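The structure presented is a predicted model; accordingly, all values stated were derived computationally and were not measured. Residue numbers count from 1 along this sequence.
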Amino acid sequence: MNVPLYEKIWMWAAGGIIVAFITTVLVAGIGSALVPPSHIETIDPATVWRDGRFAKQGVTVSPTGATVIAVGMMFAFLPAEIHVPAGRPVTFRMTSADVTHGFLIVGTNANTMLVPGYVSQFTTTFRQPGQYLIVCNEYCGLSHHLMSARLIVEEARP
Ligand code: CUA
């Protein structure tokens with residue numbers, strides 16, 4: 001069969017795009033550097049306060065970074081004020097004690113959902129010391145708009 005040259009070019013171009021898409025999916029799915037910010041760790045939302053992982057909320061600072069344990073609930077975050085060092089990786093471990101909430105630190109790339117039944121975890125570094133507003137960005141009830149907290153990024157002590 002005699003296929004015109006332009007038809008051939010377009011066939012190869014379409015084939016190339018398909019191969020590029022499949023490669024992207026495989027690299028994103030298998031590549032270890034591209035895991036989603038959450039991980040599949042489950043928790044019973046009814047026993048969050050008794051669960052050893054979340055019974056005590058707060059920040060643990062170490063020389064290499066900090067870990068934040070926080071819980072979202074209608075209509076607050078615990079703790080309501082989070083102090084972390086600047087320039088060091090901060091790992092947030094959070095969950096919800098009731099319904100789905102959002103956790104957005106305004107002006108940063110920290111943004112996740114707090115889904116009952118799951119532990120949301122991500123690590124990020126805040127370069128700029130200062131005060132940041134944390135808001136719930138998933139509608140969770142009548143006082144959703146009041147659900148906020150503060151992040152204080154402090155100049156790291158040497
Ligand atoms: Cu919590 Cu909206």
Side-chain angles (χ1 to χ4, degrees), residues 19-158:
V19 169
F21 284 168
I22 290 173
T23 307
T24 305
V25 169
L26 289 178
V27 169
I30 300 167
S32 57
L34 291 167
V35 291
S38 303
H39 61 185
I40 306 299
E41 179 181 341
T42 56
I43 184 166
D44 181 352
T47 61
V48 163
W49 307 112
R50 277 177 278 140
D51 192 294
R53 292 169 287 174
F54 287 95
K56 197 172 166 292
Q57 305 90 43
V59 185
T60 311
V61 181
S62 76
T64 53
T67 304
V68 177
I69 303 292
V71 177
M73 60 182 183
M74 291 188 276
F75 295 97
F77 295 104
L78 281 179
E81 195 170 295
I82 300 170
H83 292 252
V84 297
R88 292 188 208 164
V90 179
T91 298
F92 289 83
R93 284 178 53 75
M94 300 177 292
T95 190
S96 166
D98 38 51
V99 300
T100 297
H101 298 283
F103 182 91
L104 167 69
I105 305 177
V106 178
T108 73
N109 66 346
N111 184 6
T112 189
M113 285 169 83
L114 309 182
V115 181
Y118 290 92
V119 176
S120 301
Q121 179 175 316
F122 65 87
T123 302
T124 190
T125 302
F126 302 100
R127 309 244 166 247
Q128 202 60 48
Q131 266 197 40
Y132 296 83
L133 175 67
I134 301 171
V135 294
C136 174
N137 57 353
E138 293 285 337
Y139 184 74
C140 54
L142 280 181
S143 297
H144 158 72
H145 60 289
L146 299 176
M147 188 168 170
S148 69
R150 273 197 303 174
L151 177 82
I152 318 269
V153 178
E154 295 169 340
E155 204 82 60
R157 281 170 286 249

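Applying the salt bridge (charged side-chain N to carboxylate O under 4.0 Å, His left out) test to Asp51 and every residue at least two apart in sequence or in another chain returns Arg53. Not counting sequence neighbours, the partners of Pro116 by the side-chain contact (heavy atoms from CB on, under 4.5 Å) test are Pro45, Ser96, Thr100. Under the ring-ring contact (aromatic ring centres under 6.0 Å, His included) criterion, Phe77 pairs with Phe103, not counting sequence neighbours.
Contact annotation: the side chain of Phe92 approaches that of Thr124 to within less than 4.5 Å [non-hydrogen atoms, C-beta and beyond]. Within the 4.5 Å cutoff, side-chain heavy atoms of Met74 are placed close to those of His101.
Residue pairs meeting the salt bridge (charged side-chain N to carboxylate O under 4.0 Å, His left out) criterion with at least one partner in residues 113-142, sequence neighbours excluded, do not occur; the list is empty. Here ring-ring contact (aromatic ring centres under 6.0 Å, His included) pairs that include residues 123-150, with residues two or more places apart or in two chains, are Tyr139-His144. Screening residues 60-85 for salt bridge (charged side-chain N to carboxylate O under 4.0 Å, His left out), with sequence neighbours left out, gives Glu81-Arg150.
For Gly72 against Met147, the heavy-atom pair with the smallest separation is CA-CE, 4.1 Å. The two residues Pro85 and Val90 make their nearest non-hydrogen contact at O-CG2, 4.2 Å. For the pair Trp49 and Ala97, the tightest heavy-atom approach, listed with the atom from each and the gap, is CZ2-CB, 3.6 Å. When all heavy atoms of Leu114 and Thr95 are compared, the closest pair comes out as CD1-O, 4.0 Å.
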Original post:
Going through the distances and angles, do Gln128 and Thr108 end up as a side chain to side chain contact (heavy atoms under 4.5 Å, CB included)?
Top reply: CA-CA 10 Å; Gln128 202 60 48; Thr108 73; over 6 Å; no
Subject >> Intermediate values then yes/no, side chain to side chain contact (heavy atoms under 4.5 Å, CB included), Leu78 and Met73 >> reply: CA-CA 8 Å; Leu78 281 179; Met73 60 182 183; 3.7 Å; yes
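Distance check, rounded to the nearest 0.5 Å: OG1 of Thr125 to CG of Asn109 gives 9.0 Å. Taken from CD1 in Ile82 to CD in Gln57, the straight-line distance is 10.5 Å, to the nearest 0.5 Å. Taking NE2 from His83 and CD1 from Ile152, the interatomic distance works out to 5.0 Å, rounded to the nearest 0.5 Å. Here the CG atom belonging to Asn111 is positioned 4.5 Å from the CG atom belonging to Leu104, to the nearest 0.5 angstrom. For the atom pair Ile43 CD1 and Tyr118 OH, the distance stands at 12.5 Å (nearest 0.5 Å). One finds the CD1 atom of Ile105 at 11.0 Å from the CG atom of Asn137 (value rounded to the nearest 0.5 Å).
Counting heavy-atom neighbours within 6.0 Å of Leu142 CG, excluding the residue itself, gives a total of 12 or less.
Remark: side-chain polar atoms of Ser120 are paired, donor with acceptor, to backbone N or O of Met113 under 3.5 angstrom. The backbone N or O of Phe54 sits nowhere less than 3.5 Å from a side-chain atom of Arg93 that would complete a donor-acceptor pair.
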